Protein chains: 2
Amino acid sequence: MTPLPSTQQLRYLVALGETAHVGRAAARCAVSQSTLSTGIIALERTLDAQILDRSSGRRVVFTPLGAELVERAHTALAALQEIADAADAIRAPLAGQLRLGLIPTIGPFLLPRLVPLLRHTYPGLRLMLREDTSARLLDDLFADRLDLLILAEPYPCGGAETLPVARDEFMVAMPKAHPLAARDAVPMAALSRETMLLLEDGHCLRDHVLAACRTATPQAAFAATSLHTLIHMVSGGLGITLLPRLAAACGIARGVDVALRRLDGAGAWRTISLVFRPGAPRILEYRALWPMVASAIANPAP
Amino acid sequence: MTPLPSTQQLRYLVALGETAHVGRAAARCAVSQSTLSTGIIALERTLDAQILDRSSGRRVVFTPLGAELVERAHTALAALQEIADAADAIRAPLAGQLRLGLIPTIGPFLLPRLVPLLRHTYPGLRLMLREDTSARLLDDLFADRLDLLILAEPYPCGGAETLPVARDEFMVAMPKAHPLAARDAVPMAALSRETMLLLEDGHCLRDHVLAACRTATPQAAFAATSLHTLIHMVSGGLGITLLPRLAAACGIARGVDVALRRLDGAGAWRTISLVFRPGAPRILEYRALWPMVASAIANPAP
DNA sequence: GTCCTTCATCGGTTCAATCGATCAACCTTG
DNA sequence: CAAGGTTGATCGATTGAACCGATGAAGGAC
């Protein structure tokens, strides 16, 4: 019915909305005053609606509709800009700054492989890293202080888009002298008789482990602040724990009196995922990142 | 940096995305095949990016970027369409269908005045009415089954935009023989010794009354299904209640053995508001509706 | 009243959008 | 394999929209 407004005219409209002055708006758009004036009038004609109130002298006064259209033009231009941004992003893939957030149970085990890989493939990439809990990382993501997260799911990501990369199974970590260490794999049921050591509250791994083996009795009093601490508590005989294969493969239990065994049973894993704002302009770059993260997980630092 | 794409080219792009066929996409856009073909190429040039994969014969195959751009072009066009819609809406203000939802403690007292007012001012308006609880109305609003709600705040409207219209004070309703009925106004403190009758759970007025006089003892066993029932329970001596002035002014207590008195004290009111989806194209019409609703509240049906 | 600012309008020019016709590649069919 | 049909790209010509500089007209300042 009503024809759609042109991109150019929308630029004129928002500039005029910001300056309330035809001459200055024209300068901001790098066109002549007459061009912008004509453009606004043409927009009024295409929309068949009054944008400026011309009864009040020479000044620029918006009608209620005009003010509303300025608002909407602004959001429409943002959508158009995102198209241009997406095109830009593919031209120089993963160049410039990328603010990446990771959780403490992934970062130390993934980055030793991932960072060299990225530096090699995308020399132009300036990687800014941040390690924190999932909740705080998501806050930063939505506040536009981070571009991309690597989290472990399931986790309530509150509207963020997630791209699953790999399944990270849980292994049982116990003292080498523990009876269960004699077996090749530990059945889920055997966990119920053990004291399960956990990370502090706030670490998503704590919840994942609890969910994986809800029969075991958690050791409530002492919670570890990191996986390394946790391993040493296991080695000290305070109990057993579940460890992501990613951490285990990085030799976290090397040189420590701890045995690692497979865990039999359904649901004994977490999913490592890329997480970003829905509609992020660089989504294609994140997708391009996917195989590198998968590769870094599949071939962890020895 | 990168110039913004033109509206026309975006239309070509989404049409091509839907048909995957240059000829049919051109027909859908009502242009010649050559025009659409050139337009896509021009878009690739303005964005300086590859949209179609031309290595695979004569067929239309999108590159990953191309598919992504189709998506984004779709949302950008929607934003542009909303601009045209907003302009259309102002040209024929409040014409066509308007699906209005009201809560039971407002509707019966507001509509007798509001509907004739609207019919007179906007003869082209086709008003579809629905009466339900705030929660269900909001569900329908976000599911696009309703355009506009008239609710009582405070209420958790979950992201909806609200436009406060009027303050609706609470009055005390009690049997005419009640001791408090002798006074001109009832102090808030006096309520604490009374049995307070309430509406059923789910009515926001129930929560508003409870919040207004949290000292009074609610009559938990019997809850009324409507304000009319409530008034008859008061008349029957089961207790007292708080009644919005809007309902009181409509003569809800006429012919019943019930006295209405002012209530002294802070916070003894609800706010009647227009509620709609943020970014609704007809927002200017809703604003035009504001004074009519305010007038209908200020001069209720006798 | 005079001058200055500011927005609208005018005439002319350039460039992009569009069309029909044609070409080139691919697919199907006999 | 040859012929015909389909489909997307390209070409040359035309039209109209966007743009500019100059000018006009309406307010406001002094």
Side-chain angles (χ1 to χ4, degrees), chain A residues 2-63 66-67 69-70 73 77 80 84, chain B residues 2-63 66-67 69-70 73 77 80 84:
Chain A
T2 303
L4 264 46
S6 89
T7 304
Q8 195 71 311
Q9 289 169 355
L10 294 186
R11 287 186 52 231
Y12 297 164
L13 182 59
V14 297
L16 189 59
E18 287 170 357
T19 59
H21 187 287
V22 175
R24 274 187 278 277
R28 181 172 302 199
C29 295
V31 295
S32 77
Q33 172 263 322
S34 68
T35 295
L36 194 135
S37 180
T38 311
I40 295 293
I41 294 171
L43 180 60
E44 286 183 315
R45 209 157 39 77
T46 59
L47 294 181
D48 188 18
Q50 206 71 13
I51 293 177
L52 293 181
D53 179 1
R54 292 187 179 75
S55 69
S56 46
R58 298 285 93 186
R59 292 181 316 147
V60 173
V61 177
F62 284 91
T63 63
L69 292 186
V70 168
L77 278 187
L80 293 172
Chain B
T2 304
L4 262 47
S6 89
T7 303
Q8 194 72 313
Q9 288 168 357
L10 294 187
R11 287 186 53 231
Y12 296 165
L13 182 59
V14 298
L16 189 59
E18 286 170 359
T19 59
H21 187 289
V22 175
R24 275 188 278 276
R28 180 172 302 201
C29 295
V31 295
S32 76
Q33 171 264 321
S34 70
T35 295
L36 194 134
S37 180
T38 311
I40 295 293
I41 293 172
L43 181 59
E44 286 182 314
R45 208 158 41 75
T46 59
L47 294 180
D48 189 16
Q50 205 73 14
I51 292 176
L52 293 181
D53 180 0
R54 292 186 179 75
S55 68
S56 45
R58 298 285 93 185
R59 291 181 316 149
V60 173
V61 178
F62 284 92
T63 62
L69 292 186
V70 168
L77 278 188
L80 293 172

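Remember, it's a predicted structure, so these values are computed and weren't measured experimentally. Naming: A, B, ... by sequence-line order, numbering from 1 per chain.
In this model, the phosphate group of C/dT5 is not approached by any side-chain N or O of A/His21 to a distance below 4.0 Å at OP1 or OP2. The side chain of A/Ser32 contributes an N or O atom lying less than 4.0 Å from OP1 or OP2 of D/dC20. A close approach under 4.0 Å does not occur between any side-chain nitrogen or oxygen of B/Ser37 and OP1 or OP2 of D/dG8.
Of the possible polar contacts, none joining the A/Thr7 side chain to the B/Leu4 backbone as a donor-acceptor pair under 3.5 Å is found. Between the side chain of B/Glu44 and the backbone N or O of B/Ile51 there is at least one donor-acceptor pair closer than 3.5 Å.
Across the protein-nucleic acid pair, B/Phe62 atom CZ and D/dG8 atom P stand 11 Å apart, rounded to whole Å. Between the CG atom of A/Asp53 and the C1' atom of C/dT6 there is a distance of 16 Å, given to the nearest Å. Remark: P of C/dA17 and CD of B/Gln33 are 17 Å apart, rounded to the nearest angstrom. To the nearest angstrom, C1' of D/dT7 lies 15 Å from CD1 of B/Ile40. Per the geometry, CG belonging to B/Leu36 stands 10 Å off P belonging to C/dC19, to the nearest Å. In this structure, B/Leu43 atom CG and C/dA17 atom C1' are separated by 14 Å, rounded to whole Å. As rounded to whole Å, 15 Å separates atom P of D/dA9 from atom CZ of B/Arg45. Spacing between atom CD1 of B/Ile41 and atom C1' of C/dA17 amounts to 14 Å, rounded to whole angstrom units.
Which of C/dT9, D/dG8, C/dC19 sits closest to the side chain of B/Val22 comes down to D/dG8. When distances are taken from the side chain of A/Thr35 to each of D/dT10, C/dC7, D/dC19, the shortest belongs to D/dC19.
Contact between B/Phe62 and B/Val70 at its shortest, heavy atoms only, is CE2-CG2, 3.6 Å.
DNA chain D lies under 4.0 Å from at least one heavy atom of each of the following residues of residues 4-16 of chain A: A/Gln8, A/Tyr12.
No N or O donor and acceptor, one from the side chain of B/Ser34 and one from the base of D/dG8, sit under 3.5 Å apart.
Put simply, the side chain of A/Leu10 reaches to within 4.5 Å of the side chain of B/Leu80, judged on heavy atoms. With a 4.5 Å cut-off on side-chain heavy atoms, B/Leu43 and B/Thr46 count as touching.
For the side-chain contact (heavy atoms from CB on, under 4.5 Å) test, residues two or more places apart in sequence or in another chain that qualify with A/Val14 are A/Ala73, A/His74, A/Leu77.
Here salt bridge (Lys or Arg N to Asp or Glu O under 4.0 Å) pairs that include residues 17-35 of chain B, with residues two or more places apart or in two chains, are B/Glu18-B/Arg28.
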